[in-house]
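To start, the structure itself, in structure tokens.
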Amino acid sequence: MKNLYQYLAPFLADTFGFQEVIDVTDGMGILEDCSPYKGMVSRADPEAEYGGSRLVSANLRMEDVVGGTKGKLLEAFRANAGRYDPAFVLLGSAPVALMIGTDLEDAATSITAESGIPAAAVDLGGHKYYDSGVSAVLLALARLLVRPSEEKIPNGINLLGGNAIDFARHNVQAIRQWAGEQGFTVVSQWGGPEKAENLKRAGMAQVNLVTAASGLAAARWMERQLGIPYVAAAPFGASWSAQVAAALRRGEQPNSTPGGGPPKILLLGEQLTCSAIRATLELDFGVTGVQVASFFTMDKALSAPEDQRLKSESALQSLLAEGGHVLALGDPELNVFPQAPRWVPLSHGAVGFEGSIPLLVGGQLNRWLEKTLPKEDLSL
């Protein structure tokens with residue numbers, strides 16, 4: 001019964017991650033589901049170039065369980081292709097349709113044969129969290145669109161993983177601006193607003209910057225298939241972002257060795273975001289004893305020994321009650337247990353769905369910490 005959530009609302013599922021990425025591209029997504037799937041996620045405003053949703057439903061009915069759903073997927077494509085003029089098409093399944101067992105790859109092959117538009121299936125099911133959906137979409141796009149390139153763009157980088165669910169649209173945009181200010185040329189951005197023609201050029205980059213853990217699968221695929229090394233770090237915080245820029249120039253992971261001692265501060269959220277906050281607290285404020293925990297991706301290679309992947313509501317409850325923390329930073333919707341330490345709200349789009357996420361890129365994180373945390377917290 002430990003996996004039964006009594007206090008926390010359900011987090012965004014992988015189908016929402018699928019929609020988030022699709023909506024900021026010039027492609028189209030088709031969800032094998034019975035109704036239109038419009039998630040309330042942090043997308044671009046309707047007036048922007050990538051405003052609105054580019055995800056459509058196959059509109060399955062009960063009889064399709066017997067007759068099969070491939071025809072409904074093709075119908076959904078034909079009915080919407082003229083409206084979206086997609087540069088690519090991705091197909092995914094929602095929970096109920098997953099039990100039918102449609103061969104989505106076969107449907108994708110038929111779409112390409114009929115239209116000439118690249119199409120592929122995405123490993124979804126609605127049972128995992130949003131970050132699994134983002135990761136699966138980025139990996140599927142890399143396999144579908146990217147090819148090796150002998151030509152390399154000087155100081156060219158790809159940005160992988162950063163999306164509006166994790167840290168809001170303004171941080172996604174600010175990371176791209178930061179990269180330009182550091183002298184890099186952004187070849188393509190995976191998870192933020194981007195066109196397929198630029199995604200196809202990803203093989204021309206010299207190095208990849210993974211700014212959220214959901215970009216790791218695509219980055220590792222590009223490393224294996226294209227020989228592009230990657231750096232996994234969010235450029236948040238004055239000193240840490242400088243280290244990230246230097247690491248990008250070397251094509252190596254920046255050094256981050258958290259200070260010892262028992263954890264005093266708990267950071268809850270996306271792994272690379274929290275790791276950057278920890279590095280900033282240590283490098284710029286001299287605060288040690290910072291622990292990262294998350295219900296979402298926690299890559300072991302990027303984790304400190306005391307970091308935790310939370311697999312249940314009870315795991316969070318135990319950590320808050322027994323961890324000995326003085327302070328916790330995380331979405332306010334996670335602050336539901338009486339045993340919790342003093343709480344500093346840091347919203348996350350997959351948890352509370354609402355709330356302001358501060359600008360974090362470069363020294364903006366330092367300014368937010370100075371404004372938000374009392375001086376006694378910055379001297380722990």
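Positions are given from 1 along the sequence.
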At what distance, to the nearest 0.5 angstrom, does [atom1] of [X] lie from [atom2] of [Y]?
X: Phe18; Y: Ser93; atom1: CZ; atom2: OG; result: 9.5 Å
X: Leu91; Y: Met28; atom1: CG; atom2: CE; result: 8.5 Å
X: Thr15; Y: Glu20; atom1: OG1; atom2: CD; result: 12.0 Å
X: Ile228; Y: Ile157; atom1: CD1; atom2: CD1; result: 11.5 Å
X: Leu74; Y: Ile30; atom1: CG; atom2: CD1; result: 8.0 Å
X: Gln308; Y: Ser303; atom1: CD; atom2: OG; result: 10.5 Å

(request) Would you please test Thr69 and Glu32 for side-chain hydrogen bond (donor to acceptor under 3.5 Å, both in side chains) and show each step? (result) CA-CA 8 Å; Thr69 64; Glu32 189 185 25; 2.4 Å; yes
Side chain [X], main chain [Y], donor-acceptor under 3.5 Å:
X: Ser318; Y: Ala315; answer: no
X: Asn171; Y: Leu360; answer: yes
X: Arg54; Y: Gly27; answer: yes
X: Ser135; Y: Asp131; answer: no
X: Trp221; Y: Leu216; answer: no
X: Thr25; Y: Ile22; answer: yes
X: Ser53; Y: Asp23; answer: no
X: Ser132; Y: Lys128; answer: no
X: Glu313; Y: Gln6; answer: yes
X: Asn335; Y: Pro332; answer: no

With a 4.5 Å heavy-atom cut-off, do [X] and [Y] have their side chains touching?
X: Ile265; Y: Leu329; result: yes
X: Pro254; Y: Trp240; result: yes
X: Leu266; Y: Leu320; result: yes
X: Val137; Y: Ser214; result: no
X: Val336; Y: Leu8; result: yes
X: Phe77; Y: Val89; result: yes
X: Leu248; Y: Asn155; result: no
X: Ile357; Y: Ser347; result: yes

Please identify each residue that fulfils salt bridge (Lys or Arg N to Asp or Glu O under 4.0 Å) with [X], with sequence neighbours left out.
X: Asp106; result: Lys70
X: Arg220; result: Asp299
X: Glu114; result: Arg78
X: Glu306; result: Arg278

Looking only at heavy atoms, which two atoms of [X] and [Y] are closest? And how far apart?
X: Thr211; Y: Gly161; result: OG1-C, 4.2 Å
X: Gly191; Y: Leu138; result: N-CD2, 3.9 Å
X: Ala202; Y: Met222; result: CB-CE, 4.2 Å
X: Glu194; Y: Leu199; result: CG-CD2, 3.7 Å
X: Asn158; Y: Ala205; result: ND2-CB, 3.3 Å
X: Ser57; Y: Ala76; result: O-CB, 3.7 Å

Applying side chain to side chain contact (heavy atoms under 4.5 Å, CB included), can you list everything that pairs with [X], at least two apart in sequence or on another chain?
X: Thr112; value: Ala119
X: Gln364; value: Leu359, Arg367
X: Ala196; value: Asp26, Ala87, Phe88, Leu145
X: Thr185; value: Ile153

(message) For Asn366, give me all partners under side chain to side chain donor-acceptor pair (under 3.5 Å), at least two apart in sequence or on another chain.
(response)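 Partners of Asn366 under the side chain to side chain donor-acceptor pair (under 3.5 Å) test: Asp284.
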(message) Quick one, Gln182 with Arg249, criterion side-chain contact (heavy atoms from CB on, under 4.5 Å). Give me CA distance, side-chain angles, the key distance, then yes/no.
(response) CA-CA 10 Å; Gln182 302 304 311; Arg249 297 183 184 100; 3.8 Å; yes
(request) Kindly work out whether a path of hydrophobic side-chain contacts (I/L/V/M/F/W/Y, heavy atoms less than 4.5 Å apart) joins Val21 to Val187. (result) no
(message) Exactly one of Asp14, Asp166, Asn163 should register a side chain to side chain donor-acceptor pair (under 3.5 Å) with Tyr130. Which one does?
(response) Asp166
(request) Only one of Lys195, Arg176, Gln173 passes side chain to side chain donor-acceptor pair (under 3.5 Å) with Gln189; say which it is. (result)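 Passing option: Arg176.
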(message) Before you tell me yes or no, could you show the steps for Leu90 and Leu144 under side-chain contact (heavy atoms from CB on, under 4.5 Å), namely the whole-Å CA-CA distance, both residues' side-chain angles and the distance that decides it to 0.1 Å?
(response) CA-CA 10 Å; Leu90 294 183; Leu144 180 66; 4.2 Å; yes
(request) Take Trp190 and Val146 through the test side-chain contact (heavy atoms from CB on, under 4.5 Å) and record every step on the way to the result. (result) CA-CA 12 Å; Trp190 298 66; Val146 183; 3.6 Å; yes
(request) Scan for ring pair (Phe, Tyr, Trp, His ring centres under 6.0 Å) pairs involving residues 156-188, sequence neighbours excluded, and state none if there are none. (result) Phe167-Phe236
(message) According to ring pair (Phe, Tyr, Trp, His ring centres under 6.0 Å), does anything in residues 307-344 pair up with another residue at least two apart or in another chain? List the pairs.
(response)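 For residues 307-344, and leaving out neighbouring residues, the ring pair (Phe, Tyr, Trp, His ring centres under 6.0 Å) pairs sorted by first residue read Tyr7-Phe337.
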(request) Assess whether side-chain contact (heavy atoms from CB on, under 4.5 Å) is satisfied between Arg83 and Val56, documenting all intermediate values. (result) CA-CA 11 Å; Arg83 176 159 58 111; Val56 300; 4.1 Å; yes
(message) Between His348 and Phe295 (judged by ring centroids, cut-off 6.0 Å), do the two rings come close enough to count as a pair?
(response) no
(message) Heavy-atom count check: over 12 atoms from other residues, nucleotides or ligands less than 6.0 Å from Asn198 CG?
(response)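 Atom CG in Asn198 is packed in, count exceeds 12.
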(request) Applying ring-ring contact (aromatic ring centres under 6.0 Å, His included), name anything that partners Tyr129, two or more places apart in sequence or on another chain. (result)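 By the ring-ring contact (aromatic ring centres under 6.0 Å, His included) rule, Tyr129 matches Phe11, Phe296.
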